[in-house]
Colleague: 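Can you keep this structure in mind? I'll have questions shortly.
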Amino acid sequence: MTLKKIFTKRILYSFAGAVVLSGLIFGSSVYAKNTLNPTELSHFFVPFPAGRVVRPMTVDNPITGGSIFVRPITINVDQRGILKRIFNPGVEGLSTHWLDNIDTKPHRIGLKFTNVNFEVRWDINAGIPWNEETRTFDVAIGPGERVPDLGVDWLFFFPPEIRAQDVWYDGSLIVYDADTNETLTTIPIKFQKSTAPATSEGRPKSSY
Amino acid sequence: MKFWSALKRHKWRYLAIIAGFALFVYPSALLIRAGYFLQGSTAMPDLHKTCFRMPFDWIASGNFATFDGRFVLIGFLGAVLGTSFLFGPLFCGWLCPVGSSTELLSKPMPNKFKINLSRKLNPSALRYGFLGAFVLVSVLAAFAPSLGLASICCRYCASSQLQNLVNGIFSPGALSYWHSGGIMVIGGWLLIGGVFWQGGRGWCLYGCPLGAVSNGLHTIGSKLGFTYKVKHDGSNCTQCGKCEQVCPSWAIYRNEDVVKINRSTCTACLECLKVCDSNCYSYKRGKV
């Protein structure tokens, strides 16, 4: 075989390899995205004040003129990816990068969960000072503004006795004004299995 | 033993790699820290904030507004790409914590357990083939949103997984949460493309758009006389093959006993220059 043929063959193999490699990387990424967003580390918007969020809805930001999608969070843990279920079944996560003040006045906000009887780890990184003890920001968010450079991960450590139940957690994330204690937004959060009782909205499934 | 002799042979490079960790990886992350300081932000700096992929995703999708105010990122990209053109991909070879960590971790692993396709595949074709697919996916994500490909490159982010692992050294609790994508990245980047890959740079070669673009610029720049590049003078070459063995990015190959350097993958790490007993290699200006 001539050298030219060897190199042509090698280049053809390589482009075929590139197609396979791209398919593998992007295919697994699509899989990762489709498991991550609805079930494994659901990312959601948190506008305030938005009242009690009982169904998926869009709220307007009167200052910027934009709109924000907000929804109750329902996680069906049976829809998690196979790798998550095998290697890391007891820790669930929720995440946000978007705490938006849609009011016409500033709010210094605090965050809390209701109905928690297990460990929840708060991992908050923000461009303004955050008080880990009181779980409040030290400065107010202006009208129409968003907490800058925000990354919030909440990790829920479910012990085996809770994981044995159909519903692991049924509570809420509350955003409140830390100066007046007024509740601004309540987002219901539920972690449950497929075997959890059906509601008026049907069988349990992840909200996304 | 080979691991320690490699470190001693080229100690300036390994010191630079440590500096790369100090510049980009939490807890120090000095470069990102400086950027936040200038912006007056109290956010915690980490490697994830200097994303090596998202800027190319923004460019390919025409989303230029996302660069607004990101002066550190713009400066970082300009410096990496500019030095690549003039001096070769020095960031990849000397500073990048993602690639250097897998390269170092692969060194103690015996070669018989490592994947070596350097003689079967053309690394350039594989590399630019993947870059083409990356651009295509970014364009589709932007202009065909119904396909649901938005932010897909975040799902194979090796930077965030490296930062997680480093965080775990200082706070073991940081390792308590893993999603399916993160587990796949650990398998692909750290194990298959790293520890069990000849040279430890599998992920860099085939999964990093910044590396591919840097080497594209180096390939063009190396044709000009005023740029720096690794050169091989075959007059003293003994055909010992040591340079091929130590090259982490499969850039050196022999074609009928003539040593060639593939500019599409060479990271100017200068391992070849340090290992060659016959002083065949040099790093200097001039035409190839």
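Proteins get letters first, then strands, A, B, ... in listed order; numbering begins at 1 in each.
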Colleague: For R121(A), is it the side chain, the backbone, both, or neither that has a heavy atom closer than 4.5 Å to a heavy atom of chain B?
Modeller: side chain
Colleague: Could you tell me which of A43(B), P123(B), G207(B), G173(B) has the largest number of non-hydrogen atom pairs under 4.5 Å with chain A?
Modeller: A43(B)
Colleague: Heavy atoms only, distances under 4.5 angstrom: which of S22(A), G23(A), A16(A), G81(A) has the most pairs with chain B? Name it, please.
Modeller: S22(A)
Colleague: Check L77(B) against P55(B) and note the closest heavy-atom contact, atom names and distance.
Modeller: CD1-CB, 3.3 Å
Colleague: I want to know whether F76(B) and F24(B) have ring centres closer than 6.0 Å.
Modeller: yes
Colleague: Identify which part of Y36(B) has an atom lying under 4.5 Å from any heavy atom of chain A, answering side chain, backbone, both or neither.
Modeller: side chain
Colleague: Count the heavy-atom pairs under 4.5 Å between each of G181(B), A133(B), G188(B) and chain A, then report the option with the highest count.
Modeller: A133(B)
Colleague: For chain A, which of Y206(B), Y177(B), Y156(B) has the most heavy-atom pairs under 4.5 Å?
Modeller: Y177(B)
Colleague: Output yes when E40(A) and R80(A) qualify as a salt bridge under the 4.0 Å nitrogen-oxygen rule, no when they do not.
Modeller: no
Colleague: Take the angle between the ring planes of Y169(A) and F191(A) and call it parallel below 30°, perpendicular above 60°, tilted in between.
Modeller: tilted
Colleague: What part of R127(B) gets within 4.5 angstrom of chain A, counting heavy atoms only: side chain, backbone, both, or neither?
Modeller: neither
Colleague: Look at L21(A), I124(A), I25(A) and state which one has the largest set of heavy-atom pairs under 4.5 Å with chain B.
Modeller: I25(A)
Colleague: Any salt bridge linking D179(A) with R108(A)? Criterion: basic side-chain nitrogen under 4.0 Å from a carboxylate oxygen.
Modeller: yes
